[in-house]
Amino acid sequence: MAPRIGTLLGVMDKPDTYRKLHRGAVPLIGGLAILLPAALIGIVLSVMTGEVSHWVIVPTATVLFIMGMMDDREHLPPAIRLSVSLVMFSLAVILSPHLAIETLNFGEGTLVTMAPVVGAVLTIVSLVGFQYAFNMSDGANGVASGAAMIWALFFFFTGTGVLAWLSLLLFFGGVVFLCFNMRGRIFLGDSGAYGISAVIGLLGLAIVAQPDSGLTNMQLVGLFLLPVLDCLRLIISRTRSGRAPFSADREHLHHYLLRWLVSPVRTAVVYWLMVGVPNLLGMLVGGPAGFVVTLALTLMLYRAVIARTALVQAPTPAAVSGEAR
């Protein structure tokens with residue numbers, strides 16, 4: 001079924017000899033498989049409960065999903081992708097102003113207040129940055145989707161009402177996707193990466209804005225820290241070497257993990273642990289100290305992995321499983 005849908009939509013990912021090392025053409029419809037059921041059930045639950053303050057999530061994610069699918073088909077210029085993302089996230093914040101960050105909440109009453117316009121701009125820029133970071137992390141089976149599942153679980157346990165149930169739907173959708181993705185049968189594609197990152201980013205802000213939320217916006221920063229950190233490192237290193245910030249290479253964190261661990265499965269599991277463990281410990285500690293724990297542990301683990309594998313020679317295509325990209 002998936003190959004037929006992928007062929008019909010014109011989104012079959014074909015291998016090459018450099019980055020895309022999987023075997024055979026693979027459909028890029030993983031985002032559709034995860035998001036469509038969650039969106040439909042979420043809309044029904046929202047209408048039934050009258051909880052519709054988060055309504056901007058679905059149209060925003062839909063437009064960005066379509067943009068991603070167009071990118072999968074035609075490889076859109078970065079300027080167009082950036083412009084569409086900025087417009088859609090700006091509209092989301094304008095139409096649902098409660099999503100905008102007004103204070104940096106470290107927990108236990110530790111707040112840093114900012115001007116409303118500054119908070120709105122920071123929210124939009126953060127959403128766009130997270131979207132690009134998530135897309136860049138989607139280069140080895142299970143890495144990005146597994147991270148999204150971890151975030152969804154955190155959202156489920158800290159959110160309430162429809163938003164919590166929507167988070168759980170995303171988690172179970174990710175479980176089904178992983179069953180096929182880890183065998184190289186289906187990929188997220190840019191459509192899935194853009195759509196899921198939009199849902200996760202806006203959903204996280206919506207849960208933070210809930211009056212009885214168990215999640216602060218700085219804890220949300222901690223959850224997203226690892227892919228953002230890797231994205232910033234790549235942008236800086238590429239710029240210093242005279243290359244375009246979003247040019248393709250094999251220097252992402254998941255590539256380093258693959259050089260070290262070889263197995264795509266072990267790579268995904270270690271990445272998930274690097275996302276989940278620091279945040280779980282940070283939330284258990286709580287308050288500003290908890291954020292420091294998450295920040296310090298994430299940085300320490302990230303630096304350790306990069307240092308451990310920096311001198312390991314990149315494997316040849318034949319040495320890497322066809323499930324890795």
Side-chain angles (χ1 to χ4, degrees), residues 1-9 11-13 20 22-46 54 57-58 61-62 64-66 68-69 72 131 134-135 137-159 162-204 207 223 227 254 263-273 275-276 321-325:
M1 178 66 75
R4 291 180 182 178
I5 296 174
T7 302
L8 179 65
L9 296 175
V11 287
M12 298 294 290
D13 194 38
K20 301 180 179 183
H22 52 279
R23 299 185 181 96
V26 179
L28 300 172
I29 61 169
L32 187 66
I34 296 173
L35 293 174
L36 184 58
L40 294 177
I41 297 174
I43 290 172
V44 172
L45 290 175
S46 298
H54 54 277
I57 295 177
V58 172
T62 299
L64 293 174
F65 174 88
I66 293 172
M69 184 164 289
D72 285 329
Q131 183 179 66
F134 183 81
N135 191 32
S137 73
D138 180 34
N141 291 344
V143 168
S145 54
M149 290 168 59
I150 292 171
W151 298 326
L153 275 183
F154 275 100
F155 293 168
F156 174 72
F157 287 111
T158 57
V162 172
L163 296 182
W165 290 113
L166 180 58
S167 302
L168 195 61
L169 288 170
L170 290 173
F171 172 80
F172 283 116
V175 170
V176 174
F177 168 77
L178 274 183
C179 292
F180 296 92
N181 177 242
M182 296 308 294
R183 291 182 289 165
R185 302 284 297 277
I186 187 173
F187 295 154
L188 282 180
D190 287 335
S191 58
Y194 284 126
I196 290 175
S197 59
V199 170
I200 290 291
L202 292 171
L203 182 60
I207 289 176
L223 285 171
H254 52 266
S263 165
V265 174
R266 289 195 293 268
T267 292
V269 170
V270 170
Y271 191 97
W272 301 341
L273 291 173
V275 171
S321 166
E323 295 174 303
R325 291 188 287 149

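Just so you know, these numbers come straight off a predicted model, no measurement behind them.
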Legend entry - Chi angles and distances behind the side-chain contact (heavy atoms from CB on, under 4.5 Å) call for Leu170, Ile200: CA-CA 9 Å; Leu170 290 173; Ile200 290 291; 4.2 Å; yes
Legend entry - side-chain contact (heavy atoms from CB on, under 4.5 Å) evaluation trace for His54 with Leu203: CA-CA 8 Å; His54 54 277; Leu203 182 60; over 6 Å; no
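Separation of atoms CG (Leu202) and CD1 (Ile207) is listed at 11.5 Å; rounding is to 0.5 Å. Leu168 contributes atom CG, which lies 13.0 Å from atom CG of Leu163 (distance to the nearest 0.5 angstrom). The OG atom of Ser167 sits 10.5 Å away from the CZ atom of Phe157 when rounded to the nearest 0.5 Å. The line from CG of Leu40 to CG of Leu45 is 11.0 Å long, rounded to the nearest 0.5 Å.
Residue Ile196 forms a side chain to side chain contact (heavy atoms under 4.5 Å, CB included) with just one option from Leu64, Leu35, Asn135, and that option is Leu35. Between Ile34 and the options Val175, Leu188, Val176, a side chain to side chain contact (heavy atoms under 4.5 Å, CB included) holds for only Leu188.
Looking at Trp151, its side chain does come within 3.5 Å of a backbone N or O of Leu223 through a donor-acceptor pair. A donor-acceptor distance shorter than 3.5 angstrom exists from the side chain of Asp72 to the backbone of Ser191, with no hydrogens or angles considered. A distance-only check finds a donor-acceptor pair linking the side chain of Trp272 to the backbone of Gly142 [under 3.5 Å].
Trp165 CH2: 12 or fewer foreign heavy atoms inside a 6.0 Å radius.
Proximity of Phe187 to Asn141: side-chain heavy atoms (C-beta onward) are separated by under 4.5 Å at one or more points. Side chains of Ile186 and Ile29 form a contact here, defined as non-hydrogen atoms less than 4.5 Å apart. Inter-residue side-chain proximity for Leu32 and Met69 is flagged as unmet; no heavy-atom pair is nearer than 4.5 Å.
Here the closest heavy-atom approach between residue Leu166 and residue Gly42 is recorded as CD1-CA, 4.4 Å. Across every non-hydrogen atom of Ala193 and Ser197, the tightest pair is O-OG, 2.7 Å.
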